[in-house]
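Written below as structure tokens is the structure these notes are about.
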Amino acid sequence: MLTAVFSAVLFGLSGCAGMSDQGRSTAIGAGAGALGGAVLTGGSTTGTLGGAVVGGIIGHEVAK
């Protein structure tokens, strides 16, 4: 599960070239949050998605 999340984050970040700074920060935050959520909850889907949501919100707010 963790390998799949990591791979998805890497492929997702490769599409950030044409994004705004705020969009890029949101995507990076969501990816980092998903990885953190997966690690902290042992790869549970709920933990991964929750981490992605929280990380995306933080990334979005930091870029303002």
Heavy-atom closest pair, residues Q22 and A63
CA-CB, 3.5 Å
Which atom names give the shortest non-hydrogen contact between G47 and S44, and what distance separates them?
N-OG, 3.0 Å
So the salt bridge (Lys or Arg N to Asp or Glu O under 4.0 Å) pairs with at least one residue in residues 52-63 (sequence neighbours excluded) are E61-K64
Any pair with a residue in residues 29-40 that passes salt bridge (Lys or Arg N to Asp or Glu O under 4.0 Å), sequence neighbours left out, goes on the list, sorted by first then second residue, please.
none
ILVMFWY network linking V62 to V54, side-chain heavy atoms under 4.5 angstrom:
yes
Once side chain to side chain donor-acceptor pair (under 3.5 Å) is applied, what residue pairs with a partner in residues 25-37 remain, sequence neighbours excluded?
none
Can you name the closest pair of heavy atoms from T41 and T48 and give their distance?
OG1-N, 4.3 Å
